[in-house]
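Below is one structure, written out as structure tokens, with a few remarks after it.
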Amino acid sequence: MSMVQQAIEVSAPVHTVYEQLAAFENYPRFMTGVRQVTSLGSDQTHWIMDVDGKRREFDAQIIERSPDERVSWSTMEGPLLAETITVRPMGEAKTQIIAQLEADIAFLMPSDRHGQESLNRRLKDDLTTFKGLVESGVLGGRAIPPSGASSKRMAAHSHTLLPGVSADPATPATVAARIRNRNAAAAAAAAATAAAAAAKAGTGTTAPTGADPAGIAGSARMGGRTAQSDMWGTGMINEEERG
């Protein structure tokens, strides 16, 4: 078992940084080996990882969510994989992230002989990737949710999750709302144009009153979970062993 710690400074308000770290659906974008994370409710998530080319699945428990301060999670069974991420404001537009990752290296990096050194480098690379995504606006700005990600926002802090920058930061839910508003505005403009054309032609045609724009369909929840045990005997599922 190994534990490593890394810190990095991000040029973004603490509220923005915390919100993106608390949205576990974002983790495949910056955490090495993670393919998908899906919310199961009751502070639980389901993870799909690529471990040395093999698909592994497990459930994790969210242990702590302290808005604008800390996020902590851990696997519920089997090989240990756990992380605690603390965020600290460094002024209005900078945030320090301190991440502690504890892992069963034999599970996470079975073919790596350098163990702790590789885990430490891996955590540093993940934080650097996260920093780039936030500072470029891909996360916390013009975010585009990955396919299959849940649109449910984290429950803590009545969810603006991040008071600092924007009262309505871009999330899957707010992006969908903006698209609906844009569609409604387009429908209203089309109705006004039709009314003007009808009046000019003297036809007396009544313009349509506007359509009820369709919302964005929610992504399907990840399925195909199984209680079958793999070689770990822990509920970690090896895709190759599914047959």
Can you sort out the partners of Thr128 under side-chain hydrogen bond (donor to acceptor under 3.5 Å, both in side chains), two or more places apart, ordered by chain and number? none
Separation between CD of Gln61 and CG of Asp59, rounded to the nearest 0.5 Å: 9.5 Å
State the CD-CG distance between Gln5 and Asn120, to the nearest 0.5 angstrom. 9.5 Å
Indicate yes or no: at least one non-hydrogen side-chain atom of Leu80 is less than 4.5 angstrom from one of Thr75. yes
Residue pair Glu69 / Tyr18, side-chain heavy-atom distance below 4.5 Å: no
Are Ile98 and Leu127 connected in the hydrophobic side-chain network, where two residues link if heavy atoms are under 4.5 Å apart? no
Distance col, row Thr95:OG1 vs Lys131:NZ, nearest 0.5 angstrom, shows 10.5 Å
So do Met49 and Val34 actually touch side chain to side chain, heavy atoms under 4.5 Å? yes
With sequence neighbours left out, the residues meeting side-chain contact (heavy atoms from CB on, under 4.5 Å) with Ser2 are Ile105, Gln116, Leu119
Got a donor-acceptor contact below 3.5 angstrom from the Asp126 side chain to the Thr32 backbone? yes
Could you go through Lys124 and Val4, starting from their C-alpha distance and side-chain angles, then the distance that decides it, and tell me whether this counts as side-chain contact (heavy atoms from CB on, under 4.5 Å)? CA-CA 10 Å; Lys124 181 178 180 180; Val4 294; over 6 Å; no
Go through the steps for Gln20 and Asn26 under the test side-chain hydrogen bond (donor to acceptor under 3.5 Å, both in side chains), then give the verdict. CA-CA 7 Å; Gln20 304 312 317; Asn26 285 334; 2.9 Å; yes
Looking at residues at least two apart in the chain, or sitting in another chain, which of them share a side-chain hydrogen bond (donor to acceptor under 3.5 Å, both in side chains) with Lys94? Ser11
If you measure from CE on Met76 to OG1 on Thr45, what distance do you get to the nearest 0.5 Å? 9.0 Å
Checking Glu102 now: which residues fulfil salt bridge (Lys or Arg N to Asp or Glu O under 4.0 Å) with it, not counting sequence neighbours? none
Are side-chain heavy atoms of Leu21 and Phe30 found at a separation under 4.5 Å? yes
Residues passing the side-chain hydrogen bond (donor to acceptor under 3.5 Å, both in side chains) test with Arg122, sequence neighbours excluded, are none
Minimal heavy-atom distance between Leu108 and Val51, with the atoms involved, is O-CG1, 3.6 Å
Could I get the full list of side-chain contact (heavy atoms from CB on, under 4.5 Å) partners for Asp50, not counting sequence neighbours? Arg35
Can you tell me how far apart CZ (Phe130) and CD (Glu135) are? Round to the nearest 0.5 Å. 10.0 Å
Could you list the residues that satisfy side-chain contact (heavy atoms from CB on, under 4.5 Å) with Asp125, not counting sequence neighbours? Arg121
State, with a plain yes or no, whether a side-chain heavy atom of Thr86 is found less than 4.5 Å away from one of Arg88. yes
Determine whether a donor-acceptor pair (N or O, by modelled atom type, separation under 3.5 Å) exists between the side chain of Thr84 and the backbone of Ser72. no
Which class fits the ring pair Trp47 and Phe58: parallel under 30°, tilted 30 to 60°, perpendicular over 60°? parallel
What residues, two or more places apart in sequence or in another chain, satisfy side-chain contact (heavy atoms from CB on, under 4.5 Å) together with Ala93? none
Taking all atoms of both residues into account, what is the closest heavy-atom pair of Leu81 and Ala103, and its distance? CD1-CB, 3.8 Å
What distance separates Glu64 CD from Arg70 CZ, expressed to the nearest 0.5 Å? 5.0 Å
Using a 4.5 Å cut-off on heavy atoms from C-beta on, say whether the side chain of Asp43 contacts that of Arg65. yes
With sequence neighbours left out, write down each residue that passes side-chain hydrogen bond (donor to acceptor under 3.5 Å, both in side chains) with Ser74, or none if nothing qualifies. none
What heavy-atom pair brings Tyr27 and Val37 nearest, and what distance separates the two atoms? CB-CG2, 4.2 Å
